[in-house]
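Some notes on the structure that comes next.
Quick note on labels: first sequence line is chain A, next is B, and so on, each numbered from 1.
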Amino acid sequence: MSKVRVRFAPSPTGLLHIGGARTALFNWLYARHTGGTFVLRVEDTDQSRNTQEAVDVIFRGMRWLGLDWDEGPDGKGGFSGDRGPYFQSQRSSIYAQYLEKLQSGGRTYEDGGALKFRMPKTPGVVKDLVCGEVTFDRTMEPDLVIRRKDGSPVFHFVNVVDDLEMGITHVIRGEDHLTNTHKHIALYEALGATTPQFAHIPLILNQGGSKMSKRDEGAALGFYEEAGYLPAAVRNYLCLLGWSPGANEEILPVEELIKRFELTKINRSNARFDGDKLFWMNGEYWRSMSDGDFRKFTQEFLQRTRPEASQMDAKMREGLLKIMREKVRTGRELADWMDPYLTEEYEYSAESRKKQFSNPDAAKLLGMLEAGFASLGGGMDEANAEAVCKRIAEEAALPKPAKVIHLLRAAVSGRTVGPSLFALLVVLGIDRVKARLLRTKKLLEAGQLGVTA
RNA sequence: GGCGCUGUCGUCUAGAGGCCUAGGACAGGUCCCUUUCAAGGACCAUACACGGGUUCGAAUCCCGUCAGCGCUACCA
């Protein structure tokens with residue numbers, strides 16, 4: 001059997017669609033599974049949308065997901081592979097040759113300035129690896145325009161020519177192309193070529209149940225990079241849409257996914273995109289990352305989204321990251337949790353004002369806490385910090401230390417949720433904790449921590 | 001409208017005639033833990049679209065109905 005050659009052929013629209021990313025992934029998995037070749041071809045024939053930025057989005061998305069390609073543009077102006085060019089915009093002479101070939105074979109005719117291909121009226125049979133054998137009645141099938149009045153060749157034609165020229169053995173693409181495939185096969189046959197194998201994979205639907213469109217939240221792969229998702233998690237999740245690695249298994253290392261991936265095991269029914277599950281899965285990957293990977297990831301993410309974080313005391317930053325890590329699932333959440341520590345002028349959330357600072361005893365308790373921590377001298381650890389809270393709760397005759405603890409959290413962070421409190425206090429250090437207590441007390445007494453709308 | 005694909009818990013899926021009183025995961029609920037939110041542990045609830053066949057036996061095969069989606073461009 002000849003070596004497998006598959007391709008991903010996106011068009012530069014300005015974003016890499018999540019469905020496209022999944023198509024790329026399936027092609028990549030199949031290439032890696034079979035030891036074949038993965039080709040990237042850019043279908044940049046729509047000049048109005050085609051910009052360098054839009055093309056870069058594709059490269060960036062592919063790299064981010066870890067989908068390396070063996071042939072195609074290298075993203076730096078060069079390319080690899082000997083079946084190029086890999087931009088359709090540079091292949092006009094090839095299309096012209098094939099157009100001529102078809103014309104000289106007498107399979108075309110001109111109509112209204114366009115060139116049309118005479119569709120055979122015999123039944124069109126598509127043997128699909130996923131959908132099985134699908135037959136189309138073509139007795140009423142109109143002839144296919146293959147070259148427009150302006151001289152440019154149309155998608156169906158160039159797509160076939162490119163796959164043919166590039167020696168593609170398996171066309172793995174979205175199911176929205178299934179009903180067009182018999183036209184492509186007719187073209188292959190008219191060109192005297194053998195057809196590749198086809199595998200039409202189910203579509204990814206939005207929450208509403210229709211094909212994911214650019215307008216849907218999270219439809220662009222870049223969304224997940226920006227939100228601080230881990231590429232391995234997104235890749236793993238995407239695998240599960242339309243394919244399953246086996247009973248009761250979902251989270252698997254990429255090597256294992258490659259090993260198990262089979263085109264014939266792909267589902268036939270469309271799948272809805274479930275952001276909640278991706279979020280959960282990201283959390284699984286997040287927690288199992290090595291310390292080194294975590295450090296590298298957070299450093300890069302914070303550099304991009306919270307450049308101020310680099311000004312922070314290194315020890316405190318490391319300490320915060322460590323205690324936050326176990327409670328958040330994405331980079332964006334982490335960055336958000338970092339905000340109260342980027343400045344001493346931190347904000348107080350509406351929730352904290354309502355739940356904690358509206359308590360008439362709050363100022364008094366904050367004063368007691370400040371004094372309590374001051375009495376610790378220099379050394380604070382989780383145990384004696386907890387002891388201070390318990391002691392003050394008793395002195396104030398509160399039923400539970402939790403009352404004090406929640407107020408304390410709100411005072412030092414301005415939030416009602418956050419990392420494990422005593423660990424947080426230790427990371428902040430006794431001086432900063434005292435200063436924050438004082439600041440909060442002052443604002444409270446000045447009437448500036450009232451409930452906001 | 002025509003054609004095509006699909007139809008298992010709310011969602012993603014396991015299931016290729018008996019192993020299914022249908023399994024797992026996310027989401028949801030209850031409880032435990034507990035310092036909030038998480039995380040973790042225990043448990044609960046929820047599905048074979050419907051109707052006919054075939055068969056000793058059907059979620060699995062066939063037909064019909066219904067539903068969803070897609071295609072039907074001188075877009076890609």
For the [atom1] atoms, the ones on [N] and on [M], what distance do you get once it is rounded to whole angstrom?
{"N": "B:rG23", "M": "B:rU60", "atom1": "C1'", "answer": "16 Å"}
{"N": "B:rG15", "M": "B:rC74", "atom1": "C1'", "answer": "47 Å"}
{"N": "B:rC50", "M": "B:rA58", "atom1": "C1'", "answer": "16 Å"}
{"N": "B:rC26", "M": "B:rC9", "atom1": "C1'", "answer": "12 Å"}
{"N": "B:rC32", "M": "B:rG68", "atom1": "P", "answer": "45 Å"}
{"N": "B:rA49", "M": "B:rU6", "atom1": "P", "answer": "14 Å"}
{"N": "B:rA67", "M": "B:rC48", "atom1": "C1'", "answer": "16 Å"}
{"N": "B:rU13", "M": "B:rA59", "atom1": "C1'", "answer": "14 Å"}

Step-by-step side chain to side chain contact (heavy atoms under 4.5 Å, CB included) determination, A:Ile18 to A:Tyr224: CA-CA 10 Å; A:Ile18 198 84; A:Tyr224 302 96; 3.7 Å; yes
Counterpart residues, side chain to side chain contact (heavy atoms under 4.5 Å, CB included), relative to A:Ser269 (two or more places apart): none
Side chain to side chain contact (heavy atoms under 4.5 Å, CB included) involving A:Glu370 - partner list, sequence neighbours excluded: A:Lys434, A:Leu437, A:Leu438
If pairing requires Watson-Crick or G-U wobble contacts with both distances under 3.5 Å, which nucleotide is the partner of [N]?
{"N": "B:rA42", "answer": "B:rU30"}
{"N": "B:rG17", "answer": "none"}
{"N": "B:rG4", "answer": "B:rC69"}
{"N": "B:rA59", "answer": "none"}
{"N": "B:rC9", "answer": "none"}
{"N": "B:rU36", "answer": "none"}

Where do N or O atoms of nucleotides 70-74 of chain B meet protein N or O atoms at under 3.5 Å, pair by pair?
from: B:rG70; atom 1: OP1; to: A:Lys211; atom 2: N; distance (Å): 3.4
from: B:rC71; atom 1: OP1; to: A:Lys211; atom 2: NZ; distance (Å): 3.2
from: B:rC71; atom 1: O4'; to: A:Thr179; atom 2: OG1; distance (Å): 3.2
from: B:rC71; atom 1: O2'; to: A:Thr179; atom 2: OG1; distance (Å): 2.9
from: B:rC74; atom 1: O2; to: A:Lys149; atom 2: N; distance (Å): 2.8
from: B:rC74; atom 1: N4; to: A:Gly112; atom 2: O; distance (Å): 3.1

Taking ring pair (Phe, Tyr, Trp, His ring centres under 6.0 Å) as the definition, give me every residue that meets it alongside [X], ordered by chain and number, with sequence neighbours left out.
{"X": "A:Phe294", "answer": "A:Trp286"}
{"X": "A:Phe117", "answer": "none"}
{"X": "A:Phe422", "answer": "none"}

Using a cut-off of under 3.5 Å, enumerate the N/O to N/O pairs linking the protein to nucleotides 58-60 of chain B.
none

Neighbour count above 12 (heavy atom, 6.0 Å) for A:Lys121 NZ: yes
Within 6.0 Å of CZ in A:Phe87, more than 12 heavy atoms from elsewhere: yes
Set of residues satisfying side-chain hydrogen bond (donor to acceptor under 3.5 Å, both in side chains) with respect to A:Arg317, sequence neighbours excluded: none
Non-neighbouring partners of A:Glu100 that pass side-chain hydrogen bond (donor to acceptor under 3.5 Å, both in side chains), sequence neighbours left out: none
Donor on one side chain, acceptor on other, A:Tyr98 and A:Glu165, under 3.5 Å: yes
Between A:Tyr109 and A:Asp143, a side-chain donor and acceptor under 3.5 Å: yes
Residues within residues 233-246 of chain A bordering RNA chain B, heavy-atom distance below 4.0 Å: A:Leu240, A:Leu241, A:Gly242, A:Ser244
Nucleic acid contacts - residues 120-127 of chain A versus RNA chain B, non-hydrogen atoms under 4.0 Å: none
Aromatic plane relationship, A:Tyr348 with A:Tyr346 - under 30° parallel, 30 to 60° tilted, over 60° perpendicular: tilted
Plane angle bin for A:His184 and A:His156 - parallel if under 30°, tilted between 30 and 60°, otherwise perpendicular: tilted
Salt-bridge present (A:Glu110, A:Arg147; N to O < 4.0 Å): yes
Electrostatic pair A:Arg295:A:Glu318 at N-O distance under 4.0 angstrom: yes
What is the distance, to the nearest angstrom, from the [atom1] atom on [X] to the [atom2] atom on [N]?
{"X": "A:Arg268", "N": "B:rG4", "atom1": "CZ", "atom2": "C1'", "value": "15 Å"}
{"X": "A:Ile204", "N": "B:rU6", "atom1": "CD1", "atom2": "P", "value": "18 Å"}
{"X": "A:Phe198", "N": "B:rG4", "atom1": "CZ", "atom2": "P", "value": "19 Å"}
{"X": "A:Leu205", "N": "B:rC5", "atom1": "CG", "atom2": "P", "value": "18 Å"}

Full working for side chain to side chain contact (heavy atoms under 4.5 Å, CB included) between A:Lys355 and A:His406: CA-CA 9 Å; A:Lys355 283 199 172 159; A:His406 293 162; over 6 Å; no
Footprint string (nucleotides 21-41 of chain B, 5' to 3'): B base within contact, S backbone only, - free, heavy atoms under 4.0 Å: --BBBB--------BBBBSS-
Minimum-distance nucleotide (side-chain atoms of A:Arg272 versus B:rG4, B:rC12, B:rA76): B:rC12
Under 3.5 Å: donor-acceptor pair, side chain of A:His17, backbone of A:Met212: yes
